[in-house]
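Computation of the quantities below employed the complete heavy-atom set of this structure, encompassing side-chain atoms and omitting hydrogens, waters and symmetry-equivalent molecules. Note that the numbering runs from 1 along the sequence shown for the chain.
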Amino acid sequence: MMIKKFKLLVLIVLGTSTLIASTSILALDNRQVANAQFDRLRPDLNGLQVRNPGNGKIYWIDEGRRRHILNPSVYKNLFVPKSLDAIDTESITPGTTVNSDNRLVRCGEKNHPLNNRIYFLDQGQKRHIANPGAMNKNNFSWEKVSTIDCPVLSSIPDGATIR
């Protein structure tokens with residue numbers, strides 16, 4: 001009788017352990033599915049500035065990622081002010097914050113290879129803005145483009161082109 005109780009106890013313990021392990025794996029799988037659903041790239045929204053209705057933050061969608069625009073001053077130094085669409089940005093993969101280090105620049109020396117090309121300074125790189133259409137699509141302000149020395153601009157590594 002004692003052996004039967006012991007075997008039953010062992011089966012209960014093993015069964016409980018298996019159930020706990022299965023439940024933990026299932027919970028982990030559910031979190032991974034939830035994160036996959038709510039953390040995705042949205043290249044179809046590239047160039048938009050949007051406001052999250054839940055937290056009021058303003059984001060620029062770049063390379064499919066939401067990039068928080070740090071404050072109104074940063075927004076005014078890069079973008080043309082406009083009415084913003086409100087969308088739930090929490091489902092979009094986050095990117096780096098747009099801050100006061102980000103600027104629109106160009107080289108002004110006539111005979112320099114970078115002459116009149118506009119760049120977005122971003123995370124220690126210069127990102128060429130491909131054409132006037134890309135400038136307008138991203139709502140960048142033409143008036144906020146500053147001129148810098150061409151050798152300085154040339155020394156900054158190239159980043160991904162903004163289209």
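Among all heavy-atom pairs drawn from A130 and T161, the shortest one is CB-CG2, 3.8 Å. Across every non-hydrogen atom of G124 and P157, the tightest pair is O-CD, 3.4 Å. Residues G64 and I92 come closest through the heavy atom pair O-CG2, 3.4 Å. Residues R106 and I118 share a closest heavy-atom pair of NH2-CD1, 3.7 Å. Residues R163 and A134 come closest through the heavy atom pair C-CB, 3.4 Å. Closest of all the heavy-atom pairs between I162 and F120 is CD1-CB, 3.7 Å.
I129 and L153 fall into different hydrophobic clusters, where Ile, Leu, Val, Met, Phe, Trp and Tyr are joined by side-chain heavy atoms under 4.5 Å apart, directly or via other members. Hydrophobic clustering, with ILVMFWY side chains joined whenever heavy atoms are under 4.5 angstrom apart, keeps V50 apart from I69. Hydrophobic clustering, with ILVMFWY side chains joined whenever heavy atoms are under 4.5 angstrom apart, groups F79 together with M135. Placement of L48 and Y75 in two distinct hydrophobic clusters is found when ILVMFWY residues are connected by side-chain heavy-atom separations under 4.5 Å, directly or transitively. Under the 4.5 Å side-chain heavy-atom criterion for ILVMFWY residues, no single connected hydrophobic cluster contains both Y119 and F140.
No side-chain donor-acceptor contact under 3.5 Å links E143 to the backbone of V80. Judged purely by atom type and a 3.5 angstrom limit, K57 has no side-chain atom pairing as donor or acceptor with the backbone of N52. Of the possible donor and acceptor atoms, none in the side chain of D149 sits under 3.5 Å from a partner among the backbone N and O of P151. No side-chain donor-acceptor contact under 3.5 Å links D122 to the backbone of Q125. A donor-acceptor pair under 3.5 Å is formed between the side chain of N77 and the backbone N or O of S73.
Expressed to the nearest 0.5 Å, how far CD1 of I58 lies from CZ of R67 amounts to 15.0 Å. Interatomic distance, N71 CG to S100 OG, rounded to the nearest 0.5 Å: 7.5 Å. In this structure, OG in S154 is found 8.5 Å from CD in E109, a value given to the nearest 0.5 Å. Taking SG of C107 as the start and CD1 of I148 as the end, the distance is 8.0 Å to the nearest 0.5 Å.
Counting only heavy atoms from C-beta outward, the side chains of E90 and N55 approach each other to under 4.5 Å. Contact check for L121 versus I156: side-chain heavy atoms found under the 4.5 Å cut-off. Counting heavy atoms from C-beta on, the side chains of K126 and L114 come closer than 4.5 Å.
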Please assess D62 against R127 for the test salt bridge (Lys or Arg N to Asp or Glu O under 4.0 Å), listing each intermediate value before the final yes or no. CA-CA 12 Å; D62 176 39; R127 296 179 61 196; 2.7 Å; yes
Using the side-chain contact (heavy atoms from CB on, under 4.5 Å) rule, take L78 and N102 through it: C-alpha gap first, then chi angles, then the decisive distance, then the call. CA-CA 8 Å; L78 294 171; N102 297 104; 4.1 Å; yes
Please determine whether side-chain contact (heavy atoms from CB on, under 4.5 Å) holds for the pair V98 and L70, giving the CA-CA distance in whole Å, both sets of side-chain angles, and the decisive distance to 0.1 Å. CA-CA 6 Å; V98 178; L70 188 60; over 6 Å; no
Check the pair S146 / R103 against side-chain contact (heavy atoms from CB on, under 4.5 Å), numbers first and verdict last. CA-CA 8 Å; S146 59; R103 296 186 354 211; 4.2 Å; yes
One pair to check against side-chain contact (heavy atoms from CB on, under 4.5 Å): T97 and V74. What are the steps and the verdict? CA-CA 11 Å; T97 298; V74 170; over 6 Å; no
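A donor-acceptor pair shorter than 3.5 Å cannot be found between the side chains of T93 and R40. Counted by atom type alone, N139 and W60 present zero donor-acceptor pairs between their side chains at under 3.5 Å.
Annotation: K82, atom NZ; neighbour count of heavy atoms from other residues, nucleotides and ligands within 6.0 Å is above 12.
Classification of D85 and R51 as a salt-bridged pair fails, no side-chain N sitting under 4.0 Å from a carboxylate O. Between R66 and D88 no salt bridge is recorded (no basic side-chain N to carboxylate O distance below 4.0 Å).
Scanning for ring pair (Phe, Tyr, Trp, His ring centres under 6.0 Å) contacts around Y59 gives H68, with sequence neighbours left out. Applying the salt bridge (Lys or Arg N to Asp or Glu O under 4.0 Å) criterion to R42, with sequence neighbours excluded, gives D44.
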